[in-house]
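Some notes on the structure that comes next.
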Amino acid sequence: ATMSPNAGQYEDSPMTRIFGGLLRHSWTQSWDSGLAPPLQASIEPFLVLHLDFASQSASSLSKALEAQLLTPDDTNFFRLPPYLLIHLQRFRLVDGVPTKIARHCKVDLRLGLEESANCALRTVPYELVSAISHYGELPESGSYKALVRHTRATPQGSGAAGLAGASDWWLFDDATVRAKSMEELESVLMCEGYHVCFLLYRREDIKTVNMRPHAF
């Protein structure tokens, strides 16, 4: 399944307003009459997108997303969240034993995902803000590294309107914290591509998260 278990189908909470999105599945029902078969659709919520990277041949995150959505039923994003959390599933069972697939995955700094809300199709831009890598052969052991982007306000003029965002990247490895420049970022992501398992993207066309309940 591509969705995380979600107890309340449309439960409203700060978590769903930040990470919650909707997937729309469409399919044509078999029909015996001479009329055109009716189109069926269902809406499923998600907090995390689980990509079965272990059984795919995709070489990048964008390709893995594309392969996941090319299912027998027509699947698309009905609503994309302010923050998109993606889980790359790197373990699969081999003879009953969890086995890690250490294949490289190119991490995209930016994604363009299609959203089909309100009978219109548009491309939604996302930028990477965090990546977590797992080092170890078993899911219940090993160590983790986190690469995090910190955006800080820098004065560009007088007044609050003159503030612009500048970004720093930081690598957290147990008790060690190291700053990473933009020049180093590409090589860091290249190395972490063999181990990355969680990725967090921020929607670029949303500046603040609306904490009021969604209307369905």
Side-chain angles (χ1 to χ4, degrees), residues 1-6 9-27 39 41-90 103-133 146-149 151 165 167 169 185-186 189-190 192-193 196-211 214-216:
T2 55
M3 275 68 63
S4 291
N6 198 347
Q9 277 286 303
Y10 298 111
E11 176 184 331
D12 182 48
S13 70
M15 287 289 290
T16 57
R17 290 194 290 274
I18 295 170
F19 302 106
L22 297 174
L23 280 174
R24 184 178 187 270
H25 305 280
S26 305
W27 68 94
L39 183 67
S42 66
I43 303 294
E44 291 194 67
F46 67 88
L47 292 177
V48 182
L49 276 180
H50 299 286
L51 301 185
D52 188 10
F53 189 71
S55 62
Q56 291 183 5
S57 59
S59 59
S60 68
L61 180 67
S62 56
K63 293 295 184 183
L65 272 169
E66 182 181 317
Q68 190 85 5
L69 294 178
L70 291 178
T71 54
D73 57 347
D74 183 14
T75 302
N76 52 57
F77 291 106
F78 187 68
R79 188 185 72 209
L80 282 161
Y83 284 85
L84 180 65
L85 182 57
I86 298 174
H87 173 211
L88 286 180
Q89 296 176 315
R90 287 188 171 274
R103 191 173 71 252
H104 186 269
C105 177
K106 179 182 179 294
V107 177
D108 301 276
L109 285 173
R110 281 186 162 79
L111 293 173
L113 303 177
E114 290 189 339
E115 183 181 64
S116 60
N118 302 320
C119 300
L121 192 65
R122 61 172 178 169
T123 300
V124 176
Y126 279 90
E127 62 177 352
L128 181 69
V129 293
S130 183
I132 297 176
S133 299
L147 184 66
V148 180
R149 179 183 180 184
T151 303
S167 297
W169 285 91
L185 186 60
E186 185 175 351
L189 288 176
M190 180 63 69
E192 297 301 317
V196 65
C197 55
F198 284 99
L199 294 152
L200 181 63
Y201 286 85
R202 183 185 71 85
R203 186 167 171 161
E204 293 186 77
D205 61 350
I206 294 180
K207 301 303 180 185
T208 59
V209 178
N210 181 9
M211 300 303 287
H214 289 305
F216 292 95

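Because the structure is a prediction, the values reported are computed rather than measured.
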Rounded at 0.5 Å granularity, tell me how far [atom1] in [X] sits from [atom2] in [Y].
{"X": "L185", "Y": "E192", "atom1": "CG", "atom2": "CD", "answer": "10.5 Å"}
{"X": "R79", "Y": "L23", "atom1": "CZ", "atom2": "CG", "answer": "11.0 Å"}
{"X": "R110", "Y": "S62", "atom1": "CZ", "atom2": "OG", "answer": "14.5 Å"}
{"X": "R203", "Y": "E127", "atom1": "CZ", "atom2": "CD", "answer": "13.0 Å"}
{"X": "I86", "Y": "F198", "atom1": "CD1", "atom2": "CZ", "answer": "11.5 Å"}
{"X": "L65", "Y": "L88", "atom1": "CG", "atom2": "CG", "answer": "8.5 Å"}

Would you check if [X] and [Y] make a side-chain contact, meaning some heavy-atom pair closer than 4.5 Å?
{"X": "L61", "Y": "Y201", "result": "yes"}
{"X": "W169", "Y": "R149", "result": "yes"}
{"X": "P45", "Y": "T16", "result": "no"}
{"X": "V196", "Y": "L189", "result": "no"}
{"X": "Y126", "Y": "L80", "result": "yes"}
{"X": "D108", "Y": "L199", "result": "no"}

Please name the pair of heavy atoms, one in [X] and one in [Y], separated by the smallest distance, quoted to 0.1 Å.
{"X": "H104", "Y": "F53", "answer": "O-CZ, 3.7 Å"}
{"X": "C105", "Y": "S60", "answer": "SG-C, 3.8 Å"}
{"X": "P82", "Y": "I18", "answer": "CD-O, 3.3 Å"}

- Mark yes or no for whether T123, through its side chain, and E114, through its backbone, hold a donor-acceptor pair below 3.5 Å. no

- Query: Partners of R122 by salt bridge (charged side-chain N to carboxylate O under 4.0 Å, His left out), sequence neighbours excluded?
  - Reply: E115

- List for me each residue that meets side chain to side chain contact (heavy atoms under 4.5 Å, CB included) alongside N76, sequence neighbours excluded, and say none if there are none. R24, D74, S116

- Note on the structure: Across all chains, not counting sequence neighbours, the side chain to side chain contact (heavy atoms under 4.5 Å, CB included) partners of M15 are S13, F19

- Please work out whether the ring planes of H87 and H50 are parallel, tilted or perpendicular, with thresholds of 30° and 60°. perpendicular

- Do you know which of L84, V129, V148, I132 makes side-chain contact (heavy atoms from CB on, under 4.5 Å) with L200? V129

